[in-house]
Amino acid sequence: MIKKTKVIIASLIALSAVITAIPIANATVWGYKRTTGTFSAWYDTTVSQKGYTTQFDWARSKWSGISSKVSINKTPTATSSTDQYYVGETIVDKRYGFTNFYKSSTAAPTDPNVNNWDYSIVIIYDNNMVKYNRKNDTNMKNVALHEVGHSIGLAHTNEINSTLRSQSVMTSAEDAFYNWNVTTPSDYDKNELKSKWGN
Ligand SMILES: [Zn+2]
């Protein structure tokens, strides 16, 4: 089921309060998961219109194959089990992307620390990428890799070591050690993915 973009954006704003309230103790991987690590991504036309196809393709390929259980294919048709990638705009300043999780039986987003999910909706906010001079290949890959990382079960990096935080693509953009130049998963990120899904 494809949702209308306005509904998605309203839902994203509604869930943002839930996401920011997730306790630090659960921060590295989501508490729940999707039933299978074989993901399929459907790209909305906004992805190519705004020029993010290369970077979403990059993100899918970089996350695939780290765990033998996790791959992200591309599909031309969205179903109730395919992830959906969008490029849009937000009124939230300095928010560059967002990922929401859904059960196919329920319209409202679900908290991945409370429920398993069937698919996710990933969005990159082009207006803030432009506004803060981040619309370049490296920074676009960085955001795509981060959001797709959320979609396959990774939460924000919960690591006290600031060097590891600066290397991880899953560090929160609000963290002082967030590194816009990271375009591949770090060893830490790879280990987190394997801890969730298996080798
Ligand atoms: Zn994030």
Side-chain angles (χ1 to χ4, degrees), residues 2-3 5-6 8-9 11-13 15-16 19-20 30 39-66 70-76 78 82-101 109 112 119-157 164-190 192-193:
I2 313 246
K3 296 172 188 309
T5 304
K6 282 178 183 170
I8 291 164
I9 290 170
S11 302
L12 294 180
I13 293 167
L15 192 73
S16 62
I19 293 289
T20 50
W30 303 129
F39 295 82
S40 290
W42 169 85
Y43 291 27
D44 181 61
T45 52
T46 52
V47 173
S48 61
Q49 283 168 3
K50 296 291 186 180
Y52 288 80
T53 304
T54 300
Q55 291 77 21
F56 270 128
D57 287 347
W58 171 273
R60 286 189 303 103
S61 75
K62 291 298 168 184
W63 283 122
S64 296
I66 295 168
V70 176
S71 61
I72 316 170
N73 302 314
K74 188 175 181 178
T75 176
T82 52
D83 291 343
Q84 303 172 21
Y85 295 178
Y86 292 81
V87 176
E89 299 192 345
T90 179
I91 58 170
V92 182
D93 197 34
K94 296 187 177 179
R95 178 171 288 170
Y96 302 97
F98 209 86
T99 300
N100 256 339
F101 300 84
Y119 70 100
S120 62
I121 292 181
V122 173
I123 186 164
I124 294 178
Y125 295 121
D126 186 63
N127 60 320
N128 281 334
M129 297 294 283
V130 171
K131 179 179 179 182
Y132 292 101
N133 295 318
R134 297 298 181 185
K135 197 168 182 180
N136 59 72
D137 183 59
T138 297
N139 294 164
M140 291 158 74
K141 283 176 177 168
N142 175 273
V143 173
L145 194 70
H146 180 101
E147 295 306 328
V148 173
H150 281 319
S151 79
I152 58 174
L154 299 179
H156 285 150
T157 297
L164 292 179
R165 289 215 306 286
S166 71
Q167 294 168 346
S168 168
V169 76
M170 295 313 299
T171 293
S172 168
E174 295 172 5
D175 189 295
F177 288 90
Y178 185 86
N179 183 349
W180 276 98
N181 293 320
V182 176
T183 57
T184 56
S186 69
D187 287 344
Y188 175 88
D189 297 325
K190 292 176 182 177
E192 290 304 313
L193 192 72

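Heads up: numbering here begins at 1 and tracks the sequence. Computation of the quantities below employed the complete heavy-atom set of this structure, encompassing side-chain atoms and omitting hydrogens, waters and symmetry-equivalent molecules.
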Quiz item: Do Asn179 and Ser166 have side-chain atoms, one donor and one acceptor, less than 3.5 Å apart?
Solution: no
Quiz item: Can you check whether Leu193 reaches Trp63 side chain to side chain, under 4.5 Å on heavy atoms?
Solution: yes
Practice problem: Quick one: list whatever passes side chain to side chain contact (heavy atoms under 4.5 Å, CB included) with Asp187, sequence neighbours left out. | Solution: Lys190
Practice problem: To the nearest 0.5 Å, tell me how far Lys141 NZ sits from Tyr52 OH. | Solution: 14.0 Å
Quiz item: Counting distance only, does the side-chain N/O of Asp83 pair as donor-acceptor with the main-chain N or O of Ser120 below 3.5 Å?
Solution: yes
Practice problem: Start with the C-alpha gap between Thr82 and Tyr119, add the side-chain angles, then the distance that decides, and say whether side-chain contact (heavy atoms from CB on, under 4.5 Å) holds. | Solution: CA-CA 6 Å; Thr82 52; Tyr119 70 100; 6.0 Å; no
Self-check item: ring-ring contact (aromatic ring centres under 6.0 Å, His included) involving Tyr188 - partner list, sequence neighbours excluded
Solution: none
Quiz item: Under the side chain to side chain contact (heavy atoms under 4.5 Å, CB included) test, which residues partner Asn127, sequence neighbours left out?
Solution: Glu89, Thr90, Tyr125
Quiz item: Between Thr46 and Asp44, which heavy-atom pair has the shortest distance, and what is it?
Solution: OG1-OD2, 2.6 Å
Quiz item: Are the side chain of Thr171 and the backbone N or O of Arg165 linked by a donor-acceptor pair below 3.5 Å?
Solution: yes
Quiz item: Short question: side chain of Asn128, backbone of Val92 - any donor-acceptor pair under 3.5 Å?
Solution: yes
Quiz item: To the nearest 0.5 Å, what is the distance between CD (Gln84) and OG1 (Thr75)?
Solution: 11.0 Å
Self-check item: Heavy-atom side-chain contact between Asn139 and Tyr132 under 4.5 Å
Solution: no
Exercise. Enter the distance from Arg134:CZ to Met140:CE here, rounded to the nearest 0.5 Å.
Key: 13.5 Å
Exercise. Over all heavy atoms of both residues, which pair between Val182 and Thr184 is shortest? Give the atoms and the distance, please.
Key: CG1-O, 3.3 Å
Self-check item: Donor-acceptor contact present, side-chain Ser48 to main-chain Thr45, <3.5 Å
Solution: yes
Exercise. Any chance you could measure Phe56, atom CZ, to Tyr86, atom OH, to the nearest 0.5 Å?
Key: 11.5 Å
Practice problem: Applying side-chain contact (heavy atoms from CB on, under 4.5 Å), run through Asn142 and Tyr178 and close with a yes or a no. | Solution: CA-CA 11 Å; Asn142 175 273; Tyr178 185 86; 2.5 Å; yes
Exercise. Please examine the side chains of Leu145 and Pro185, heavy atoms only from C-beta on, and report whether any two atoms are closer than 4.5 Å.
Key: yes
Practice problem: To the nearest 0.5 Å, tell me how far Lys94 NZ sits from Glu174 CD. | Solution: 10.0 Å
Practice problem: Any chance you could lay out the side-chain contact (heavy atoms from CB on, under 4.5 Å) test for His146 and His156, step after step, and finish with the verdict? | Solution: CA-CA 9 Å; His146 180 101; His156 285 150; 3.2 Å; yes
Quiz item: Which pair of non-hydrogen atoms, one from Ala41 and one from Tyr85, has the smallest distance, and what is that distance?
Solution: CB-CZ, 3.4 Å
Quiz item: Under the ring-ring contact (aromatic ring centres under 6.0 Å, His included) test, which residues partner Tyr96, sequence neighbours left out?
Solution: Trp180
Quiz item: What distance do Ile152 atom CD1 and Phe39 atom CZ have between them, rounded to the nearest 0.5 Å?
Solution: 6.0 Å
Self-check item: Test side-chain contact (heavy atoms from CB on, under 4.5 Å) applied to Thr157 and Phe177, step by step
Solution: CA-CA 11 Å; Thr157 297; Phe177 288 90; over 6 Å; no
Quiz item: Is there any salt bridge (Lys or Arg N to Asp or Glu O under 4.0 Å) pair reaching into residues 147-156, and which pairs are they, with sequence neighbours excluded?
Solution: none
Practice problem: Report the residue from Asp137, Thr138, Thr183 that forms a side-chain hydrogen bond (donor to acceptor under 3.5 Å, both in side chains) with Gln55. | Solution: Asp137
Practice problem: Apply side chain to side chain contact (heavy atoms under 4.5 Å, CB included) to Lys74 and list each qualifying residue two or more places apart in sequence or on a separate chain. | Solution: Tyr43, Thr53, Asp57, Arg60
